[in-house]
Amino acid sequence: MTVADRTFVLLKPDAVQRGLVGEIVRRFERRGLKLIALKMIRVTRSLAETYYAEHKGKPFFEPLMSYITSGPVVAMVLEGDGAVSIVRKMMGKTNSAEAEPGTIRGDLALTIGRNVIHGSDSPESANREIPLFFKPEELLAYTRLDEAWLRE
């Protein structure tokens, strides 16, 4: 696997509070993505400002800061061929009202402000986001028993 085959996923406070963590992780694992890092944390204001730096100055920035720091989140790194694009498709559109049924947001979320999940939008974003939440030694290399059945 290359770094380009990794992506960052954050299950937001609403996913944790609603007890959706297991179901969402299960969807990724059933698809064939390998979980190489996982932890539950409380996002600090400082981390939130770094993580959402591109939104600073926008009207929704302060509500976003309050929301993402309001409760525990689950951060994870997934690995697999084309992980970024696969996760993006599985998540569905950011605006949950427009997300297709069968996607995580289409099945589990109702509004854009409480859309349960974030996933990196590019390999470059994944490379920026992963180190914000994980130290290099927290990314675990191992072989899943089913890997031979997932690739040609």
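Start at 1 with the first residue, then count along the sequence. These figures come from a predicted structure and were not determined experimentally.
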Enquirer: Is Glu79 close to Leu35 at the side-chain level, that is, under 4.5 Å between some pair of heavy atoms?
Expert: no
Enquirer: Quick one: do Met90 and Leu150 end up in the same hydrophobic cluster if we chain Ile, Leu, Val, Met, Phe, Trp and Tyr together by side-chain heavy atoms under 4.5 Å apart?
Expert: no
Enquirer: Could you tell me whether Lys39 atom NZ has more than 12 heavy atoms of other residues or ligands within 6.0 Å of it?
Expert: yes
Enquirer: Kindly indicate, with the supporting measurements, whether the criterion salt bridge (Lys or Arg N to Asp or Glu O under 4.0 Å) is fulfilled by Glu49 and Arg45.
Expert: CA-CA 6 Å; Glu49 287 178 354; Arg45 173 72 188 213; 2.6 Å; yes
Enquirer: For residues Leu139 and Ala37, report the shortest heavy-atom separation together with the two atoms involved.
Expert: CD2-CB, 3.7 Å
Enquirer: So, do Arg6 and Leu78 sit near enough that their side-chain heavy atoms are less than 4.5 Å apart?
Expert: no
Enquirer: Work out which heavy atom in Leu33 is nearest to a heavy atom in Arg144; give both atom names and the distance.
Expert: O-NH1, 2.9 Å
Enquirer: State, yes or no, whether a side-chain contact exists between Phe133 and Leu10 at a heavy-atom distance under 4.5 Å.
Expert: yes
Enquirer: Answer yes if Met65 and Ile112 sit in the same cluster of Ile, Leu, Val, Met, Phe, Trp and Tyr residues linked by side chain heavy atoms under 4.5 Å apart, and no otherwise.
Expert: no
Enquirer: Hey, are the side chains of Ile117 and Val9 touching, using non-hydrogen atoms and a 4.5 Å cut-off?
Expert: yes
Enquirer: Would you check, one step at a time, whether the test side chain to side chain contact (heavy atoms under 4.5 Å, CB included) holds for Ser96 with Asn115?
Expert: CA-CA 6 Å; Ser96 305; Asn115 65 10; 3.3 Å; yes
Enquirer: Under the salt bridge (Lys or Arg N to Asp or Glu O under 4.0 Å) rule, what do Asp14 and Lys12 come out as? Steps first, then yes or no, please.
Expert: CA-CA 6 Å; Asp14 55 323; Lys12 298 177 183 179; over 6 Å; no
Enquirer: Taking side chain as C-beta onward, heavy atoms only, is Val73 less than 4.5 Å from Arg42?
Expert: no
Enquirer: Does a sphere of radius 6.0 Å around NZ in Lys135 hold more than 12 heavy atoms from other residues, nucleotides or ligands, not counting ones at 6.0 Å or beyond?
Expert: no
Enquirer: Honestly curious: do Ile104 and Leu110 fall in one hydrophobic cluster under the side-chain, below-4.5 Å linking rule?
Expert: no
Enquirer: Could you go through Glu147 and Lys34, starting from their C-alpha distance and side-chain angles, then the distance that decides it, and tell me whether this counts as salt bridge (Lys or Arg N to Asp or Glu O under 4.0 Å)?
Expert: CA-CA 9 Å; Glu147 284 187 47; Lys34 181 170 34 174; 2.9 Å; yes
Enquirer: So Pro13 and Arg114, do their side chains get closer than 4.5 Å, heavy atoms only?
Expert: no
Enquirer: How many angstroms lie between CZ in Arg105 and CD1 in Ile24, if you round to the nearest 0.5 Å?
Expert: 10.0 Å
Enquirer: What I'd like to find out is whether the side chain of Leu11 reaches to under 4.5 Å of the side chain of Val116, using heavy atoms alone.
Expert: no
Enquirer: Could you tell me which non-hydrogen atom of Gly106 sits nearest to which non-hydrogen atom of Thr103, and how far apart they are?
Expert: N-OG1, 2.9 Å
Enquirer: Which atom names give the shortest non-hydrogen contact between Asp5 and Gly82, and what distance separates them?
Expert: OD1-N, 3.3 Å
Enquirer: In chain order, what residues pass the salt bridge (Lys or Arg N to Asp or Glu O under 4.0 Å) check against Glu29, with sequence neighbours excluded?
Expert: none
Enquirer: Report yes if some heavy atom in the side chain of Ser120 is under 4.5 Å from a heavy atom in the side chain of Thr7; otherwise report no.
Expert: yes
Enquirer: Does the plane of the ring in His118 sit parallel, tilted or perpendicular to the ring in Phe8? Use 30° and 60° as the thresholds.
Expert: tilted
Enquirer: Any link between Leu38 and Val84 through a network of hydrophobic side chains (Ile, Leu, Val, Met, Phe, Trp, Tyr) touching at under 4.5 Å?
Expert: no
Enquirer: Dump the intermediate steps for salt bridge (Lys or Arg N to Asp or Glu O under 4.0 Å) on Arg27 and Asp107, then the final yes or no.
Expert: CA-CA 12 Å; Arg27 287 181 182 218; Asp107 292 348; 2.9 Å; yes
Enquirer: Just verifying a value: how many Å separate Gln17 CD and Leu20 CG, rounded to the nearest 0.5 Å?
Expert: 10.5 Å
Enquirer: Rounded to the nearest 0.5 Å, what separates atom CZ in Phe61 from atom NE2 in His55?
Expert: 9.0 Å
Enquirer: Any carboxylate oxygen within less than 4.0 angstrom of a Lys/Arg side-chain nitrogen, looking at Arg88 and Asp121?
Expert: no
Enquirer: Closest approach of Arg18 and Leu108, non-hydrogen atoms and distance?
Expert: NH1-O, 2.6 Å
Enquirer: Given the rule that I, L, V, M, F, W and Y join up when any side-chain heavy atoms are under 4.5 Å apart, are Phe60 and Val43 in one cluster?
Expert: yes
